Amino acid sequence: MAEGPQFAVALERPASDVAVVVLAGEVDLYTAPRFMDVLLQAIDDGAVRVVVDLADVTFIDSTALGVLVSGGKRLHKRSGSLAIGCPDEKIRRILEITGLDTVFGVFASRREAIESSTS
């Protein structure tokens with residue numbers, strides 16, 4: 001995990017072509033660049049199916065949503081996909097209001113998101 005006490009990001013690789021970006025804390029203007037670095041590094045390292053785990057995220061802003069869109073576009077160019085694991089109803093509502101739930105698969109858990117990306 002990296003960054004300060006209000007934000008952490010980690011990368012897990014359950015398979016050579018699958019990456020899970022695990023976020024915790026507040027993902028905003030100040031922390032989104034680190035999120036972007038980890039997400040793009042996973043894609044550049046060969047992941048074509050990426051899951052973003054938002055289970056421990058307490059806040060997300062438009063900058064973080066932009067990172068999701070950028071990562072999704074990069075994956076789309078490689079015939080890949082991005083899925084989101086998000087049990088928090090408030091954050092899921094933000095994804096719905098912005099229409100991102102129609103762009104990415106949004107699931108109640110990381111496990112469900114990983115299963116959807118590998119099937």
Side-chain angles (χ1 to χ4, degrees):
M1 298 268 180
E3 295 298 310
Q6 294 183 353
F7 174 75
V9 60
L11 179 63
E12 299 174 4
R13 296 298 298 261
S16 63
D17 63 342
V18 178
V20 180
V21 178
V22 183
L23 297 168
E26 298 180 1
V27 190
D28 58 19
L29 175 67
Y30 302 104
T31 59
R34 181 69 183 125
F35 170 30
M36 176 72 100
D37 289 345
V38 172
L39 178 60
L40 296 183
Q41 187 62 51
I43 297 167
D44 291 345
D45 286 347
V48 291
R49 295 183 312 249
V50 176
V51 171
V52 178
D53 182 354
L54 302 179
D56 294 323
V57 169
T58 57
F59 175 81
I60 191 167
D61 74 0
S62 61
T63 311
L65 299 177
V67 172
L68 291 170
V69 171
S70 294
K73 286 181 180 178
R74 185 173 289 202
L75 283 163
H76 183 73
K77 290 179 185 174
R78 298 174 185 206
S79 298
S81 64
L82 187 145
I84 299 170
C86 182
D88 186 295
E89 287 298 322
K90 291 177 185 170
I91 294 176
R92 286 175 75 122
R93 181 73 180 130
I94 292 169
L95 297 171
E96 291 169 8
I97 289 169
T98 58
L100 291 181
D101 65 324
T102 64
V103 176
F104 307 116
V106 179
F107 301 88
S109 70
R110 174 197 328 201
R111 181 185 55 75
E112 290 176 25
I114 290 172
E115 289 173 358
S116 78
S117 72
T118 57
S119 56

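Just so we're clear, the structure is a prediction, and the values are computed from it rather than from any experiment. Reckoned from all heavy atoms, side chains included, excluding hydrogens, waters and symmetry mates. For the single chain, residues carry numbers from 1 onward in sequence order.
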task: Indicate yes or no for a side-chain donor-acceptor contact from R49 to the backbone of G80 under 3.5 Å, with no hydrogens or angles considered.
output: no
- prompt: Ion pair present between E115 and R111, side-chain N to carboxylate O less than 4.0 angstrom?
  reply: yes
Can you list, pair by pair, the side-chain donor-acceptor contacts under 3.5 Å of residues 97-108, counting residues two or more places apart and other chains?
| from | atom 1 | to | atom 2 | distance (Å) |
| --- | --- | --- | --- | --- |
| T98 | OG1 | I94 | O | 2.9 |
| T98 | OG1 | L95 | O | 3.1 |
| T102 | OG1 | G99 | O | 2.6 |

task: Look at the side chain of D53 and the backbone N and O of V20, then say whether any donor-acceptor pair between them is shorter than 3.5 Å.
output: no
message: So L39 and R74, do their side chains get closer than 4.5 Å, heavy atoms only?
response: no
message: Could you report the tightest heavy-atom contact between D56 and L23, atom names first, then the distance?
response: CB-O, 3.8 Å
message: Looking at every heavy atom in both M36 and V67, which two are closest together, and how far apart are they?
response: CA-CG1, 3.8 Å
- line: Closest non-hydrogen atoms of A19 and A47, given as atom of the first, atom of the second and distance, are CB-CB, 3.7 Å
- prompt: When clusters are formed by joining ILVMFWY residues with side-chain heavy atoms under 4.5 Å apart, either directly or through shared neighbours, do L40 and V50 land in the same one?
  reply: yes
Contact summary for S116 and A83, nearest pair of heavy atoms: OG-CB, 4.1 Å
field: Separation of H76 NE2 from L82 CG (nearest 0.5 Å)
entry: 13.0 Å
- line: When rounded to the nearest 0.5 Å, the distance separating OG1 of T58 from CZ of F7 is 10.5 Å
task: Quick one: pull up CG in D88 and CD1 in I60 and give me the separation to the nearest 0.5 Å.
output: 10.0 Å
field: Shortest non-hydrogen separation from G71 to I43 and the atoms involved
entry: O-CD1, 3.8 Å
- prompt: Is a side-chain donor or acceptor of S16 paired with a backbone partner of G46 at a separation under 3.5 angstrom?
  reply: no
- request: Report yes if some heavy atom in the side chain of V51 is under 4.5 Å from a heavy atom in the side chain of E12; otherwise report no.
  value: no
Pairwise distance CG(L65) to OG(S70) - rounded to 0.5 angstrom: 11.0 Å
task: For V21 and L11, work out which heavy atoms get closest and say how close.
output: CG2-CD1, 4.0 Å
